[in-house]
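Per chain, numbering begins at 1; letters A, B, ... match sequence-line order. Quick caveat, the model's predicted, so the values are computed rather than measured.
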Number of protein chains: 2
Amino acid sequence: MTAARTPTGAAPSRGRRPGRSTGDDRELAILATAERLLEQRAFGDISIDDLARGAGISRPTFYFYFPSKDAVLLTLLDRVTEEADAAAGDVLDRLAEDPRARWRELIGRFHAAFGGHRAVVLACAEVRGTNAEVRRLWAAVLERWVQAVQAAIEGERRRGAAPDGLPARDLAIALNSMNERVWYATFAGDGPAVAEQDVVDVLLDVWLTAIYRSTAPQPA
Amino acid sequence: MTAARTPTGAAPSRGRRPGRSTGDDRELAILATAERLLEQRAFGDISIDDLARGAGISRPTFYFYFPSKDAVLLTLLDRVTEEADAAAGDVLDRLAEDPRARWRELIGRFHAAFGGHRAVVLACAEVRGTNAEVRRLWAAVLERWVQAVQAAIEGERRRGAAPDGLPARDLAIALNSMNERVWYATFAGDGPAVAEQDVVDVLLDVWLTAIYRSTAPQPA
DNA sequence: GACGCGAGTCAACACCCTGTCGAGTGTTGT
DNA sequence: ACAACACTCGACAGGGTGTTGACTCGCGTC
């Protein structure tokens, strides 16, 4: 997981035009208001006015800090993916120790990271369809994870623990996609979904059978 | 697949109040305009005025035929899921003949049905986040498919072709979710995606390994 | 200690889209 | 002829977004 980290809160180009000053807390107030309101209602039902008032400023002033409502969400998403990257750490480098345990650790940590900010995750899913910026950011994040998983699968094949089969990249895409959609359903709670306490084990099982043809892969 | 079919075009409650008449072609014109415009731009970038003008009527008149823009999409979605249900047919009842071939047939037919209306599918994904009605309809459709797949998996386990493991329902949810998300990525073309000509085989491989722990399950 | 400058603020405006209301038009059965 | 119904649209109200231009305030400078 080669995370191109930036110090949290100083998003690359989004957020306010550069130049520190007293308005920093206003920016944070907007972000905090957004995450708070997102726990109560859908992103589409939150107006810029709501965000502004929640942060104690007027609507035009909001535009001084963020170019749009979506930019606020983007900044929130940045934080969550950074947290997920950090939580994932280097587990994939230690796969051979105990493959099943390490994969479970990976999936479990992602689950915890997303579950801790489900409001943000759900909001991103909500606007992914309409906002190209969110789509692009999410695509980039996913691409990093796909590459990491692809490399891990190739490593397991090289050491003889996993059989050959599908191109590792395709497999990595399919498995990551599954996780995304299954988590979404579990967090959103509408439609057929796996119960929250089971979801990590269900996903793990599919990952292991797809990669190893077995639910109990061998350590080195 | 127990499809509660309705004759295409006469959607249950959406669309106009019942009673055939001359306005039928107007209603179809709106639907046709919607599907055509959807191939050019995103659902959110199409206004009711666009739909109305495309069908040769004024905006208020549009409301005579549909209560909202979303209702048009819902009707379009109805058609597509009906088509997919019909295409799926009874393949799952004939699994034992040749499991790999039948599962491939199932996935391949769904792929063809969705791929033939990708604009509608992508538009539904776009609004699922914001429209409860679309969410509900999609959830109901998915639930039917999940139940059908769950029953099929249980059947394969009963006849000894598939080993025990995850609850069949959880497995069915995970696999259907994977398909949905992978197809979306392939059709949308943004973010990591499996190439269109490979996607059926990739999905099939994961289904088979998850269900049978093998890519070559035994016929009866 | 006035002066200028830039950060920060907001009332007011222009715009676009949605949904509704009420007053029409034409056709059709009696 | 006429009532009833399907159908149509001009005009309005409402709510959201994004922009403009003027205003305040703190602060370094001459």
Side-chain angles (χ1 to χ4, degrees), chain A residues 9-10 13-34 37-38 40-75 123 126-127 129-134, chain B residues 9-10 13-31 33-34 37-38 41-75 123 126-127 129-134:
Chain A
S13 71
R14 277 179 298 286
R16 201 183 49 237
R17 12 203 178 292
R20 299 293 85 178
S21 80
T22 62
D24 265 3
D25 41 352
R26 293 282 158 84
E27 186 170 336
L28 291 180
I30 293 174
L31 256 6
T33 302
L37 290 183
L38 241 20
Q40 298 165 8
R41 35 193 163 127
F43 186 70
D45 293 337
I46 298 173
S47 72
I48 291 183
D49 205 43
D50 294 331
L51 258 22
R53 290 193 184 289
I57 56 178
S58 75
R59 201 169 56 80
T61 300
F62 168 92
Y63 287 100
F64 182 82
Y65 293 98
F66 291 95
S68 70
K69 198 172 63 162
D70 291 359
V72 177
L73 185 57
L74 237 6
T75 305
E126 179 183 331
V127 300
T130 56
N131 182 301
E133 202 65 34
V134 168
Chain B
S13 71
R14 274 180 299 288
R16 201 181 52 234
R17 17 207 175 288
R20 299 295 84 178
S21 80
T22 61
D24 265 3
D25 41 351
R26 292 284 159 82
E27 185 170 337
L28 290 179
I30 293 174
L31 256 5
T33 302
L37 290 183
L38 241 19
R41 36 196 163 122
F43 185 70
D45 293 337
I46 298 172
S47 72
I48 290 183
D49 205 43
D50 295 330
L51 258 23
R53 289 193 185 288
I57 56 177
S58 75
R59 203 169 56 77
T61 300
F62 168 92
Y63 287 100
F64 181 82
Y65 292 99
F66 290 96
S68 71
K69 197 173 64 165
D70 291 359
V72 177
L73 185 58
L74 237 7
T75 304
E126 178 184 331
V127 300
T130 56
N131 182 301
E133 202 65 35
V134 168

For the pair made of [atom1] in [X] and [atom2] in [N], what is the distance, rounded to whole Å?
{"X": "A:D49", "N": "D:dG15", "atom1": "CG", "atom2": "C1'", "answer": "11 Å"}
{"X": "B:I57", "N": "D:dC9", "atom1": "CD1", "atom2": "P", "answer": "7 Å"}
{"X": "B:K69", "N": "C:dC16", "atom1": "NZ", "atom2": "C1'", "answer": "12 Å"}
{"X": "A:Y63", "N": "D:dG18", "atom1": "OH", "atom2": "P", "answer": "4 Å"}
{"X": "A:D45", "N": "D:dG16", "atom1": "CG", "atom2": "P", "answer": "10 Å"}
{"X": "B:I46", "N": "C:dC16", "atom1": "CD1", "atom2": "C1'", "answer": "17 Å"}
{"X": "B:F64", "N": "C:dT25", "atom1": "CZ", "atom2": "P", "answer": "18 Å"}
{"X": "A:R59", "N": "D:dG15", "atom1": "CZ", "atom2": "P", "answer": "14 Å"}

Are the side chains of [Y] and [X] in contact, using a 4.5 Å heavy-atom criterion?
{"X": "B:I57", "Y": "B:F64", "answer": "no"}
{"X": "B:R41", "Y": "B:D50", "answer": "yes"}
{"X": "B:D70", "Y": "B:T130", "answer": "no"}

Check your understanding: Could you state the interatomic distance from CG (B:D25) to CG (B:L31), rounded to the nearest 0.5 Å?
Key ->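 Rounded to the nearest 0.5 Å, the CG-CG separation comes out at 12.5 Å.
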Practice item. Classify the nucleic acid contact of B:S47 as base, sugar-phosphate or nothing, counting any heavy atom under 4.0 Å across all strands shown. Key: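 Sugar-phosphate: the residue B:S47, judged by heavy atoms under 4.0 Å, touches backbone atoms but no base.
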Review point. Taking the side chain of A:P60 as its heavy atoms from C-beta onward, which of D:dA11, C:dA11, C:dG19 lies nearest to it?
Key: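 When the side chain of A:P60 is considered, C:dA11 is the closest of D:dA11, C:dA11, C:dG19.
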